[in-house]
Amino acid sequence: MTDCTAQIITSRENSLLGLARSVRDGKERELIFIEGLRLCEEALRTRMDFEALIYSDQIAEKERAAQFIKQAATASHRLAVVSEQLLGTISYTKTPQGIVALARRPGAGPDAISNSNNVPALLVVLHGINNPVNVGAILRSAEAAGATGVIATARTTDPYSPKSLRGAMGSAFRLPIWFGATYEEALRWCAERGIKTVCTAVNAEKTYTAMDWKKPCALIVGPEATGLTEAEVAAADSVISIPMQGEVESLNVGVAAAIALYEAARQRR
């Protein structure tokens, strides 16, 4: 009887671990892979819908983790406690962090970023950004600067990928995100709502400080290596530059986005 029960439990664990690997590798799109106690805490705090919680027997002995597991158990549909070694087989990081949550992907359509707080929209449009570290960093800066939402086009890496989530440090759970729009669709949506689209270009005459950020607007940031195409720049309502000294040709896309967003935050204060 005992051996049979143990085999059933192992089968369930194997099934759940297999699901976790599929989510981690982007093969299961309905769920997102959240690793590490701090990120899991942020996800629970923002009422993410937990499909499963998988944690190691070692981390369950720590007070903070044990308290979280107790709270998360009521919010999760499935639970599994495994060895640290077994958890390592699904970990995204080189050093397993002891706990993984699989959560339902938040709504990703245009309704997700509809502004209902009577605050002038301050959106960020991520177009063709391939580095998940940059995506995460921009999400973090966007929240810190008071952005009201983010549009990540279909050509942008998934803002809910494990690496993006790590860079965003919880901002991806709190910011409304519309993921999967085309560039044209994003600009048309903004135009229909009176939201002015703004992109950056090295040779633009208007600087980012001369822009009126108090009105509803959307900052567009493009691919790291090439930037936006001439046609994509021409499709925006305004083009701004960030003056640079020395022989620097360009700024990291995350840095450029943060500079513009904090100017918007300064003006809005």
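All figures in this text were calculated on a predicted structure; none of them were measured in a lab.
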Worksheet item: Do you see a donor-acceptor pair shorter than 3.5 Å between the side chains of Q267 and E263?
Response: yes
Worksheet item: Do H127 and L228 touch side chain to side chain, with heavy atoms closer than 4.5 Å?
Response: yes
Worksheet, complete the sentence: Closest non-hydrogen atoms of A201 and V239, given as atom of the first, atom of the second and distance, are CB-CG1, 3.6 Å
Item to complete: Mind checking the CG-OG spacing from L17 to S22? Nearest 0.5 Å is all I need.
Response: 11.0 Å
Practice prompt. Using the rule that two of Ile, Leu, Val, Met, Phe, Trp, Tyr join whenever any of their side-chain heavy atoms come within less than 4.5 Å, decide whether L122 and I242 are in one cluster.
Written response: yes
Worksheet, complete the sentence: Heavy-atom closest pair (E30 atom, E28 atom, distance to 0.1 Å) is N-OE2, 3.1 Å
Worksheet item: Which of these passes side chain to side chain contact (heavy atoms under 4.5 Å, CB included) with V125: V198, V150, I220, V221?
Response: I220
Worksheet item: Heavy atoms, side chains only, cut-off 4.5 Å: are F173 and I32 in contact?
Response: yes
Worksheet item: Got a salt bridge between R24 and E35, using NZ or NE/NH1/NH2 to carboxylate O under 4.0 Å?
Response: no
Practice prompt. For R64, check salt bridge (Lys or Arg N to Asp or Glu O under 4.0 Å) against everything at least two apart and list the hits.
Written response: E41
Item to complete: Output yes when a side-chain donor or acceptor of N131 lies under 3.5 Å from a complementary backbone atom of V133, and no otherwise.
Response: yes
Worksheet entry | OG on S56 to CD on Q97, rounded to 0.5 Å | 11.0 Å
Fill in: Closest non-hydrogen atom pair between K94 and P96, with its separation
O-CD, 3.5 Å
Worksheet item: Which residues satisfy the salt bridge (Lys or Arg N to Asp or Glu O under 4.0 Å) test with K163, sequence neighbours excluded?
Response: none
Response to the item:
NZ of K196 to CG of L123, rounded to nearest 0.5 Å, is 14.0 Å
Practice prompt. Check whether any side-chain heavy atom of L126 lies under 4.5 Å from a side-chain heavy atom of I138, and answer yes or no.
Written response: yes
Practice prompt. Verify, without hydrogens or angle tests, whether S76 (side chain) and L79 (backbone) share a donor-acceptor contact under 3.5 angstrom.
Written response: no
Discussion item. If hydrophobic clusters are built by linking Ile, Leu, Val, Met, Phe, Trp and Tyr wherever their side-chain heavy atoms come under 4.5 Å apart, do M211 and L219 end up in the same one?
Written reply: yes
Practice prompt. State, with a plain yes or no, whether a side-chain heavy atom of Y55 is found less than 4.5 Å away from one of C40.
Written response: no
Discussion item. Check for me, please, whether L39 and V135 land in the same ILVMFWY cluster - side-chain distances under 4.5 Å, paths through other members count.
Written reply: yes
Discussion item. Rounded at 0.5 Å granularity, tell me how far CG in L53 sits from CG in L102.
Written reply: 8.5 Å
For residues 164-172, please give each side-chain donor-acceptor pair under 3.5 Å, one per line with the distance, not counting sequence neighbours.
from, atom 1, to, atom 2, distance (Å)
S164, OG, P132, O, 3.4
S164, OG, D158, O, 3.1
S164, OG, S161, OG, 3.0
S171, OG, E143, OE1, 2.6
S171, OG, A168, O, 3.3

Discussion item. Suppose we screen for side-chain hydrogen bond (donor to acceptor under 3.5 Å, both in side chains). Which residues come up paired with D237, at least two apart in sequence or across chains?
Written reply: T197
Practice prompt. Might you point out which heavy atoms bring A121 and I195 nearest each other, and give the distance in Å?
Written response: CB-CD1, 3.9 Å
Worksheet entry | Sub-4.5 Å side-chain heavy-atom contact between P120 and R268 | yes
Worksheet item: CZ/F33 to CZ/R21 distance, rounded to the nearest 0.5 angstrom?
Response: 10.0 Å
Worksheet entry | N-O pairing of R104 and E51 below 4.0 Å | yes
Worksheet item: Can you find a side-chain donor-acceptor pair between S91 and T93 that sits under 3.5 Å?
Response: yes
Worksheet item: Does any N or O in the side chain of T74 come within less than 3.5 Å of the main-chain N or O of Q71, such that one atom is a donor and the other an acceptor?
Response: yes
Discussion item. Working note: I34 + Y92, criterion side chain to side chain contact (heavy atoms under 4.5 Å, CB included); need CA distance, chi angles, decisive distance, verdict.
Written reply: CA-CA 9 Å; I34 307 168; Y92 186 82; over 6 Å; no
Item to complete: Taking the side chain as every heavy atom from C-beta outward, state whether V81 and E13 have any atom pair closer than 4.5 Å.
Response: no
Worksheet item: So, does T156 use its side chain to make a donor-acceptor pair with the main chain of G128 at under 3.5 Å?
Response: yes
Please tabulate, one pair per line, all N/O donor-acceptor pairs under 3.5 Å involving side-chain atoms of residues 175-187, not counting sequence neighbours.
from, atom 1, to, atom 2, distance (Å)
T182, OG1, E185, N, 3.0
Y183, OH, E232, O, 2.8
E185, OE1, T182, N, 3.4

Worksheet item: If you look at every heavy atom in W189 and P110, which pair is closest and at what distance?
Response: NE1-CB, 3.5 Å
Expected list for residues 245-262: side-chain donor-acceptor pairs under 3.5 angstrom, two or more places apart:
from, atom 1, to, atom 2, distance (Å)
N252, OD1, G254, N, 2.7
N252, OD1, V255, N, 3.2
N252, ND2, N134, OD1, 3.4

Discussion item. For R38, is the CZ atom crowded, meaning more than 12 foreign heavy atoms sit under 6.0 Å from it?
Written reply: no
Worksheet item: What do you reckon, is NZ of K214 surrounded by more than 12 foreign heavy atoms closer than 6.0 Å?
Response: yes
Discussion item. Minimum heavy-atom separation for D57 and S83, please, with both atom names.
Written reply: OD1-CA, 3.8 Å
Worksheet item: Are V23 and L19 side-chain neighbours, meaning at least one heavy-atom pair lies under 4.5 Å?
Response: yes
Fill in: Student check: side-chain heavy atoms of I90 and I54 closer than 4.5 Å
yes
Worksheet item: With the 4.5 Å side-chain cut-off for hydrophobic clustering, are Y208 and M244 part of the same group?
Response: yes
Discussion item. Using 0.5 Å steps for rounding, measure from the CG atom of L31 to the CZ atom of F50.
Written reply: 12.0 Å
Item to complete: Indicate if L16 and L87 have the same hydrophobic cluster label, given that clusters are the connected sets of ILVMFWY residues with side-chain heavy-atom separations under 4.5 angstrom.
Response: yes
Worksheet item: Is the backbone of I129 close enough, under 3.5 Å, to the side chain of E224 for a donor and an acceptor to pair up by distance?
Response: no
